[in-house]
There are 2 protein chains.
Amino acid sequence: MAKDTKDKLLETAHSLFEEKGFDGVSMREIAEEAKVNKGLLHYYFKSKQAVFLGVFKIVSKLIYINLADILKRTDIDFDEKVGLMVDSYFTMLSKHPKMPLFVLSELSKHPEFAEGADLSGTLSEASLLIEECLAEKNINEEGAGFQFLISMVSLCVFPFMASPLTKVVRPASFKDDAQFVAARKIYIKQILIKSYQ
Amino acid sequence: MAKDTKDKLLETAHSLFEEKGFDGVSMREIAEEAKVNKGLLHYYFKSKQAVFLGVFKIVSKLIYINLADILKRTDIDFDEKVGLMVDSYFTMLSKHPKMPLFVLSELSKHPEFAEGADLSGTLSEASLLIEECLAEKNINEEGAGFQFLISMVSLCVFPFMASPLTKVVRPASFKDDAQFVAARKIYIKQILIKSYQ
DNA sequence: GTAATAGTTACCCAGTTGGCTAAAAAAATA
DNA sequence: TATTTTTTTAGCCAACTGGGTAACTATTAC
């Protein structure tokens, strides 16, 4: 049951960290929540930092989106690729709505983790692939691919991070959160496609 | 010197909270950093929560942007209004780049503060005013104003929150952070204007 | 000068923090 | 069965947490 226990500890730590942040959680709390004793937690992780790094590794995988595979397809045009990328982000964000805020706020406190999270390679590659797609549309500005990528991520991710605010401001015409999210997805695809037309 | 001291305490607390988050800061730390003793800190604020609420009130004002005044102008068209709103956001964000992340992450831990921060009224009003402007452009979808507003805020704010990541991924064609921010501002105005054309 | 306000100093508190250990028991593996 | 791995129990530590007090001194206002 070794692997199971370690995973359980990581899962527990993950949900606690996401809810309260690194400083808001104690080792005792993690152990108690996982229904395990402090000793065992130290048996698997020598320090709180070690637990956190384990969680961060998991999270990096969960928020990973294979943009390159979508962008490299030759059977669909760029409009459809944009649609698929946005869909991927929304699927991920619906499953893990609190993750981006957690990652970014811990990253801003400990920027050294940015290298550990191997997101940079993926994003750089996606940025270049988008640039190629845009070039075919005769959009050749310096860094256009990067700008587009950032826009896409901003548009998808931010509303989830700001949900405590958007929920308050959202007009009555959206009957609930789910309906708004669905409408938002369509809107984002449109605005992104219009951006290179 | 009463007001000055209280302000100094709030400023100190503000910068510490922004850097480390609520749980990452202790009352002792605030007092030491402000070169004041714990007793005095308690003299002005009966609890850590009280300090935090004071800071939150200040922050709410700092991130406030008078969108309504821009939107109500009759001497310029909507394209120009969009330009001015984006300019306002960038000015504010350049002064306080860490604030949005701080506000949103504390808000997600304590959603009850969302009402205290009286942003909702402002944003609701702006949302309606934008809807009117868009109606003149024959865009009448349900909630179009709200969607546009969220898009604008997302595009402006997110890159600042994700700067530890964007700095790593940013292509070499942008020679530094300042140049990227300037280019980004122009790009955002374009994408927003295209969105209703 | 007297009263109120502002600020200091030096304590105390009980509870929690992250970190660690030794010994024992239980479970899995050989 | 004997050995190794996993898990529990119970405790320790020094340091820090937010909160609070009482006595004292400046400073300011009236």
Side-chain angles (χ1 to χ4, degrees), chain A residues 1-59 102 105-113 116, chain B residues 1-59 102 105-113 116:
Chain A
M1 304 294 124
K3 193 80 190 307
D4 287 7
T5 302
K6 198 173 179 180
D7 283 354
K8 184 179 66 182
L9 287 171
L10 280 171
E11 268 171 45
T12 306
H14 177 196
S15 75
L16 285 173
F17 279 143
E18 214 161 83
E19 190 190 339
K20 308 181 177 189
F22 181 80
D23 294 313
V25 180
S26 73
M27 293 290 268
R28 271 176 185 77
E29 201 178 351
I30 297 170
E32 279 166 20
E33 184 77 15
K35 272 151 197 157
V36 146
N37 43 14
K38 250 183 343 141
L40 194 59
L41 182 54
H42 274 99
Y43 176 75
Y44 284 110
F45 303 95
K46 72 165 200 281
S47 69
K48 192 186 182 184
Q49 174 114 336
V51 180
F52 186 73
L53 285 175
V55 168
F56 215 76
K57 211 176 257 180
I58 291 175
V59 164
F102 166 67
S105 82
E106 296 303 332
L107 222 49
S108 101
K109 287 169 202 162
H110 311 282
E112 66 272 16
F113 292 162
Chain B
M1 303 293 122
K3 194 82 190 307
D4 287 7
T5 302
K6 198 172 181 182
D7 283 354
K8 183 179 68 181
L9 288 171
L10 280 172
E11 266 171 47
T12 307
H14 176 196
S15 75
L16 285 173
F17 279 144
E18 212 161 84
E19 188 189 341
K20 308 182 178 187
F22 181 80
D23 294 312
V25 180
S26 73
M27 293 290 267
R28 271 174 184 78
E29 201 178 351
I30 296 171
E32 280 168 19
E33 184 78 15
K35 275 151 197 156
V36 146
N37 43 11
K38 231 169 22 111
L40 193 59
L41 184 53
H42 274 101
Y43 176 74
Y44 284 109
F45 304 96
K46 73 166 201 279
S47 68
K48 191 186 182 183
Q49 176 113 338
V51 181
F52 187 73
L53 286 175
V55 168
F56 215 76
K57 210 176 257 181
I58 291 176
V59 164
F102 166 67
S105 82
E106 297 303 332
L107 222 49
S108 102
K109 286 170 201 162
H110 311 282
E112 67 272 16
F113 292 161

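Numbered from 1 within each chain, the chains take letters A, B, ... in sequence-line order. Atoms considered below: every heavy atom in the structure, side chains included; atoms not considered: hydrogens, waters and symmetry mates.
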- [ ] May I have the distance from A/Gln49 (atom CD) to C/dG18 (atom P), rounded to whole angstrom?
- [x] 13 Å
Task: Atom-pair distance (CG on A/Leu41; C1' on C/dG19), nearest Å - done: 11 Å
Open item on the list: Below the 4.0 Å mark, does D/dG18 have OP1 or OP2 next to a side-chain nitrogen or oxygen of B/Ser47?
Closed with: no
Task: Spatial distance of atom NZ (A/Lys38) from atom CZ (A/Arg28) [nearest 0.5 Å] - done: 4.0 Å
TODO: Using whole Å, report how far NZ of B/Lys8 lies from C1' of C/dG7.
DONE: 10 Å
TODO: Looking only at side-chain atoms of A/Leu40, point me to the closest of C/dT8, D/dG19, D/dT8.
DONE: D/dT8
- [ ] Specify the separation, in whole Å, of atom CG of B/Asp23 and atom C1' of C/dT16.
- [x] 13 Å
Task: Nearest to side-chain heavy atoms of B/Val36, which nucleotide of C/dG18, C/dC20, C/dT8 - done: C/dT8
TODO: Please determine if a side-chain N or O atom of A/Tyr43 lies less than 4.0 Å away from the OP1 or OP2 oxygen of D/dT5.
DONE: no
Open item on the list: Both A/Arg28 and A/Lys35 contact DNA chain D. Which one's nearest nucleotide lies toward the 5' end?
Closed with: A/Lys35
Task: For atom CZ of B/Phe45 and atom P of D/dG18, their distance in whole Å - done: 15 Å
- [ ] Quick one: pull up CD in B/Glu29 and CG in B/Leu16 and give me the separation to the nearest 0.5 Å.
- [x] 5.5 Å
TODO: May I ask you to verify whether the side chain of A/Lys38 and the base of C/dG18 hold a donor-acceptor pair under 3.5 Å?
DONE: no
Open item on the list: By the 4.0 Å heavy-atom rule, please label A/Val25 as base, sugar-phosphate, or nothing.
Closed with: sugar-phosphate
Task: Under 4.0 angstrom between B/Asn37 side-chain N/O and C/dT8 OP1 or OP2 - done: yes
Open item on the list: At less than 3.5 Å, do the side-chain atoms of B/Lys46 and the base atoms of D/dG19 form a donor-acceptor pair?
Closed with: no
Task: Value rounded to 0.5 Å, distance of CZ in B/Phe102 from NZ in A/Lys109 - done: 9.5 Å
Task: C/dG18 OP1/OP2 closer than 4.0 Å to side-chain N/O of A/Ser26 - done: yes
TODO: Please state how far atom OH in A/Tyr44 lies from atom P in C/dG19, giving the value in whole angstrom units.
DONE: 19 Å
Open item on the list: For C/dG7 and B/Thr5 - does any side-chain N or O of the residue sit under 4.0 Å from the phosphate oxygens OP1/OP2?
Closed with: yes
Open item on the list: Exactly one of A/Tyr44, A/Phe45, A/Phe22, A/Phe56 should register a side-chain contact (heavy atoms from CB on, under 4.5 Å) with A/Val51. Which one does?
Closed with: A/Phe45
- [ ] Please confirm whether any donor atom in the side chain of B/Lys48 sits under 3.5 Å from an acceptor in the base of D/dG19, or the reverse.
- [x] no
Task: Nearest-angstrom distance from the residue atom CE of A/Met27 to C1' of D/dC12 - done: 17 Å
Task: Spacing of CD belonging to A/Glu32 relative to OG1 belonging to A/Thr12, to within rounding of 0.5 Å - done: 12.0 Å
